Amino acid sequence: IGLLLSMSMTITDRFEHVVIVVADALRPDHLGCYGYEHPVSPTLDDLAADSYQFERAFACINNTDPSVTSIHSGIHPTSSVLHQGGRVTMEDKRRAEALPRVPELLGSDGYHRTWTGHALGRWHRNGFDYVPPSRPTHEKRILFESDGDRERLRLMLERFSPRLADVVSDAYYQFEQTVGDIQDQIRTSQSPDGDEIDALLAQFDLAAEQRERFFGYTHLIDTHAPYE
């Protein structure tokens, strides 16, 4: 927490505007600036040529919920959110809601805080002045009406057999993910707020009109979708 507070103070002292761009599931070995032979990323390559480029930078985990939580909090998943999607536990949620997060800290320093692109719900939205609309939750509800129903079933099964609870939970999670992947292929990967970059720039213009400093986070999902 001390490191996070220190980082926040450093940001506010040195930078008037801060923008974080996440390209979900994009591999560095498919970028020209990291040696990929095909010209698929000319804009990023030009930016890298005129910027600091890290050669050893890694996501702390390979799932979205815990990874994005760590980006916004500076806290490792083992101390914040360790699970993904429908497998997020009540303990994960409790820890996530209690974390100090960069958007909230920057808000106290007068930053206009914007999230555009892929919409995540729950604690991810905390601390932002603008967040994109979430897709209807019923799209990925297959058997249960809520995460609480799923958690209650798991707790009930654990009374009889923790191993059975794990097997049923894992089986349902895999089923839900498979159905979700099919739904994602049917839907376009377009951001719920339209073009995520245009939305980000519109919020930046709004902050400029109000003479506010700006913190922007945009979550690009195109590279997560199947190639066409």
Side-chain angles (χ1 to χ4, degrees), residues 7 10-11 14-74 76-77 84-85 102-103 106 111-121 124 128 130-135 139-140 177-208 213-228:
M7 181 176 68
T10 301
I11 289 174
R14 296 185 58 188
F15 301 105
E16 185 173 0
H17 307 302
V18 180
V19 175
I20 298 174
V21 179
V22 170
D24 200 312
L26 177 62
R27 289 168 41 164
D29 61 352
H30 279 60
L31 293 173
C33 56
Y34 285 100
Y36 192 51
E37 59 184 5
H38 301 294
V40 298
S41 53
T43 302
L44 286 178
D45 298 340
D46 289 345
L47 178 64
D50 195 35
S51 307
Y52 290 104
Q53 179 178 333
F54 293 95
E55 295 182 354
R56 295 179 59 83
F58 306 95
C60 57
I61 196 168
N62 64 339
N63 285 325
T64 304
D65 275 329
S67 187
V68 173
T69 301
S70 292
I71 289 173
H72 288 149
S73 68
H76 193 272
Q84 165 67 21
V102 168
L106 293 182
Y111 277 74
H112 180 78
R113 299 144 298 159
T114 289
W115 176 316
T116 68
H118 183 54
L120 296 176
H124 296 293
F128 285 94
Y130 173 86
V131 292
S134 294
R135 290 190 173 93
E139 289 186 0
K140 289 193 176 182
Q177 291 296 105
T178 300
V179 173
D181 289 343
I182 294 172
Q183 292 173 334
D184 286 340
Q185 292 179 36
I186 295 173
R187 292 193 303 265
T188 66
S189 61
Q190 184 180 21
S191 165
D193 55 5
D195 184 280
E196 51 274 279
I197 303 303
D198 286 347
L200 184 74
L201 294 176
Q203 289 295 313
F204 179 83
D205 289 342
L206 178 62
R213 292 184 287 182
F214 182 75
F215 172 73
Y217 173 88
T218 189
H219 195 125
L220 308 178
I221 199 68
D222 304 73
T223 47
H224 197 294
Y227 281 116
E228 296 181 355

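None of the values given here were measured: they were computed from a predicted structure. Residue indices begin at 1 and follow the sequence shown.
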Tell me the closest heavy-atom pair linking P66 and Q84, and the distance in Å. CD-OE1, 3.7 Å

Which atom of I197 lies closest to which atom of D195, heavy atoms considered: N-OD1, 3.0 Å

For D50, does the CG atom sit with more than 12 other heavy atoms under 6.0 Å from it, leaving out its own atoms? no

Restricting to non-hydrogen atoms, name the atom on P39 and the atom on P42 that form the minimum distance, rounded to 0.1 Å. O-CD, 4.1 Å

Separation between CZ of F215 and CH2 of W115, rounded to the nearest 0.5 Å: 9.5 Å

Counting only heavy atoms from other residues, nucleotides and ligands, does the tally under 6.0 Å from CZ of F58 exceed 12? yes

For the CZ atom of R113 and the CZ atom of R213, what is their distance to the nearest 0.5 Å? 12.0 Å

Checking L47, D45, D46 against C33 for side chain to side chain contact (heavy atoms under 4.5 Å, CB included), the one that qualifies is D45

Determine whether a donor-acceptor pair (N or O, by modelled atom type, separation under 3.5 Å) exists between the side chain of E196 and the backbone of H219. no

Distance from D65 atom CG to H124 atom NE2, nearest 0.5 Å? 4.0 Å

If we only count heavy atoms from C-beta on, is the V68 to V22 side-chain gap below 4.5 Å? no

Quick check for you: to the nearest 0.5 Å, what is the distance between D205 atom CG and L200 atom CG? 10.0 Å

Check the angle between the aromatic planes of H72 and Y217 and answer parallel, tilted or perpendicular using the 30° and 60° thresholds. perpendicular

Is the side chain of T223 donor-acceptor paired with the backbone N or O of D24 at a distance under 3.5 Å, no angle test? yes

Decide yes or no for R27 and Y36: does some side-chain heavy atom of the first lie under 4.5 Å from some side-chain heavy atom of the second? no

Would you call the rings of F214 and H112 parallel, tilted or perpendicular if under 30° counts as parallel and over 60° as perpendicular? parallel

When you compare the side chain of T114 with that of F204, does any pair of heavy atoms fall below 4.5 Å? no

Of all heavy-atom pairs between S41 and G32, which one has the smallest distance, and what is that distance? OG-N, 3.0 Å

Would you give the length of the straight line joining atom CG of N63 to atom OG1 of T69, rounded to the nearest 0.5 angstrom? 11.0 Å

